Protein chains: 2
Amino acid sequence: MDAINWKLLKALEGNGRASFSELGKLVHLSAPAVAERVRKLEEKGVITGYSAQLNLEKVGIPITALVECQVYRTKERAFKNLVLELDEVIECYNVTGPYAFVLKVGVKSMSKLDELLECLIDLSDTNTMMIMSQPVDRTMPLNIAQKS
Amino acid sequence: MDAINWKLLKALEGNGRASFSELGKLVHLSAPAVAERVRKLEEKGVITGYSAQLNLEKVGIPITALVECQVYRTKERAFKNLVLELDEVIECYNVTGPYAFVLKVGVKSMSKLDELLECLIDLSDTNTMMIMSQPVDRTMPLNIAQKS
DNA sequence: AGTGAAAATATCTCTGG
DNA sequence: CCAGAGATATTTTCACT
């Protein structure tokens, strides 16, 4: 992980479709050299994939929320399985503290959110926070990672 | 937003570097036709960008946490400005309820987390949940979006 | 909006330093 | 580990439907 690889990661984080020759100009290397570096970063699992970023609202999902779930002791496995099946769940965190799980969910309407929460209520006590805005959405705090 | 565009969005969500000719085969269209559709999706803001997905651990950020912040009434603006400056903040949600903000943060060590929380404590009461695993990480619940 | 073909770029492979 | 050259594939532009 030299300075060039950091530059490549930052560039690919900002534009996942950047061509190898573009990247090459950025780091003053030839396209094949960049391709080789990127291939190795993928192999090592540093880069796990590439994805288009989509606007949730424009794609018909105007409502997002964070749902804290205090899962009943005996229902942990069932809860995990349920969450994996629900398409509405965008992110799921298994965390320390009384709320063992925090979900980020996206729905088309409040009634759909209601349905979703009913689904969860059998296995956990939930606390829902509606997301009003998201001032920060990085995929990676790269400035931190790179420091020493 | 016809069926073909949904297919393109799903494909690009799964592989943001897919070529137009690959996508063309998938939806039975020529490469230029696909390029035109994708260009329009970008113009309309449905696709907001492309990004490489990176493995936080392998990039030197082994610790992630959710931090709920009950911001002091008079400090909301200052808090927002602070959060925008902190590289450790990966995501920031402005939500309903007593915890006005929920942050997802990534750090290199627990001592760095401590430093970060000290930073926030002047402007808010915080509650920190360490992330132990993340069983789901989609960018988009597309199966939901598409339905009727 | 989409196709098909030609021109311009980009990528891939391989040889060599 | 990288540069350069040639072969291959992809993107882009354009005339036409």
Side-chain angles (χ1 to χ4, degrees), chain A residues 1-61 139-140 142-148, chain B residues 1-61 139-140 142-148:
Chain A
M1 287 300 298
D2 57 3
I4 291 179
N5 275 7
W6 283 113
K7 270 197 184 180
L8 292 176
L9 289 180
K10 279 188 195 176
L12 283 170
E13 193 199 357
N15 177 15
R17 281 181 83 87
S19 72
F20 293 135
S21 49
E22 277 181 79
L23 295 170
K25 281 173 202 160
L26 194 70
V27 299
H28 305 294
L29 259 93
S30 68
V34 170
E36 179 70 4
R37 276 170 176 268
V38 171
R39 194 187 57 74
K40 282 183 184 166
L41 286 169
E42 290 167 357
E43 251 181 16
K44 283 194 292 181
V46 177
I47 297 174
T48 58
Y50 302 89
S51 182
Q53 301 166 316
L54 309 181
N55 182 319
L56 278 166
E57 287 183 26
K58 296 207 173 162
V59 92
I61 309 209
T139 57
M140 173 75 41
L142 277 188
N143 289 326
I144 299 303
Q146 193 174 357
K147 282 176 195 161
S148 62
Chain B
M1 285 301 297
D2 59 2
I4 290 180
N5 275 5
W6 283 113
K7 272 198 184 179
L8 292 176
L9 289 181
K10 279 188 195 177
L12 283 171
E13 193 198 357
N15 176 15
R17 281 181 82 87
S19 71
F20 293 135
S21 48
E22 275 181 81
L23 294 170
K25 281 173 202 161
L26 193 71
V27 299
H28 305 293
L29 280 169
S30 65
V34 170
E36 179 70 3
R37 275 170 176 267
V38 171
R39 194 186 56 73
K40 282 182 185 168
L41 286 169
E42 290 168 355
E43 252 181 15
K44 282 195 291 181
V46 177
I47 298 173
T48 57
Y50 303 89
S51 181
Q53 300 166 316
L54 309 181
N55 183 318
L56 277 166
E57 286 184 26
K58 296 207 173 162
V59 93
I61 309 209
T139 57
M140 171 77 40
L142 277 189
N143 290 326
I144 299 303
Q146 193 174 358
K147 281 174 197 164
S148 64

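Quick caveat, the model's predicted, so the values are computed rather than measured. Lettering follows sequence order; numbering is per chain, from 1.
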*Asks:* For DNA chain D, which residues in residues 4-17 of chain B have a heavy atom at a distance below 4.0 Å?
*Replies:*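 Of all residues in residues 4-17 of chain B, none places a heavy atom under 4.0 Å from DNA chain D.
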*Asks:* Can you name the salt bridge (Lys or Arg N to Asp or Glu O under 4.0 Å) partners of B:Arg17, sequence neighbours left out?
*Replies:*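 In terms of salt bridge (Lys or Arg N to Asp or Glu O under 4.0 Å), with neighbours along the sequence ignored, B:Arg17 is linked to no residue.
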*Asks:* Nearest whole angstrom, please: distance from the P of D:dA3 to the CG of A:Leu23.
*Replies:* 14 Å
*Asks:* I'd like to compare against my own output: the B/S/- annotation of nucleotides 12-17 of chain D with a strict under-4.0 Å heavy-atom distance to protein.
*Replies:* BB----
*Asks:* For B:Lys25 and D:dA9, give me the distance from atom NZ to atom P, rounded to whole Å.
*Replies:* 10 Å
*Asks:* For the pair A:Lys7 and A:Asp2, find out whether any cationic side-chain nitrogen is under 4.0 Å from an anionic carboxylate oxygen.
*Replies:*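 No salt bridge links A:Lys7 with A:Asp2.
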*Asks:* Report the distance from atom CZ of B:Arg37 to atom C1' of C:dG2, rounded to the nearest whole Å.
*Replies:* 9 Å
*Asks:* Would you say A:Ser21 reaches C:dT9's phosphate, i.e. side-chain N/O to OP1/OP2 under 4.0 Å?
*Replies:*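 Checking C:dT9 against A:Ser21, no side-chain N or O comes under 4.0 Å of OP1 or OP2.
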*Asks:* Taking the axis from the first five pairs and the axis from the last five, what angle separates them in the helix from C:dA1-D:dT17 to C:dG17-D:dC1, rounded to 10 degrees?
*Replies:* 30°
*Asks:* Nearest 0.5 Å, what's the CG-NZ distance between A:Leu23 and A:Lys25?
*Replies:*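 Nearest 0.5 Å value for the CG-NZ distance: 10.5 Å.
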*Asks:* Could you tell me which residues satisfy salt bridge (Lys or Arg N to Asp or Glu O under 4.0 Å) with A:Lys40, sequence neighbours excluded, listed by chain and number?
*Replies:*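 Scan of A:Lys40 (salt bridge (Lys or Arg N to Asp or Glu O under 4.0 Å), adjacent residues dropped) gives A:Glu36.
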*Asks:* OP1 or OP2 of D:dA9 less than 4.0 angstrom from a side-chain nitrogen or oxygen of B:Ser19, does that happen here?
*Replies:* no
*Asks:* Calculate the interatomic distance between A:Glu22 atom CD and C:dT9 atom P; express it in whole Å.
*Replies:* 13 Å
*Asks:* Rounded to whole Å, how long is the line connecting atom NE2 of B:His28 with atom C1' of C:dT3?
*Replies:* 16 Å
*Asks:* Among residues two or more places apart or on two chains, list those pairs meeting side-chain hydrogen bond (donor to acceptor under 3.5 Å, both in side chains) that have a residue in residues 49-61 of chain B.
*Replies:* B:Glu42-B:Tyr50
*Asks:* Mind calculating the distance between CD (B:Glu36) and C1' (C:dA1) to the nearest angstrom?
*Replies:*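 Checked: the CD to C1' distance equals 8 Å.
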*Asks:* What nucleotide, of C:dG2, D:dC2, C:dA1, holds the atom closest to the side chain of B:Leu29?
*Replies:*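 Nearest listed nucleotide: C:dG2.
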*Asks:* Can you tell me if the side-chain N/O atoms of A:Arg39 get under 4.0 Å from OP1 or OP2 in C:dC12?
*Replies:*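 For C:dC12, neither OP1 nor OP2 has a side-chain N or O of A:Arg39 closer than 4.0 Å.
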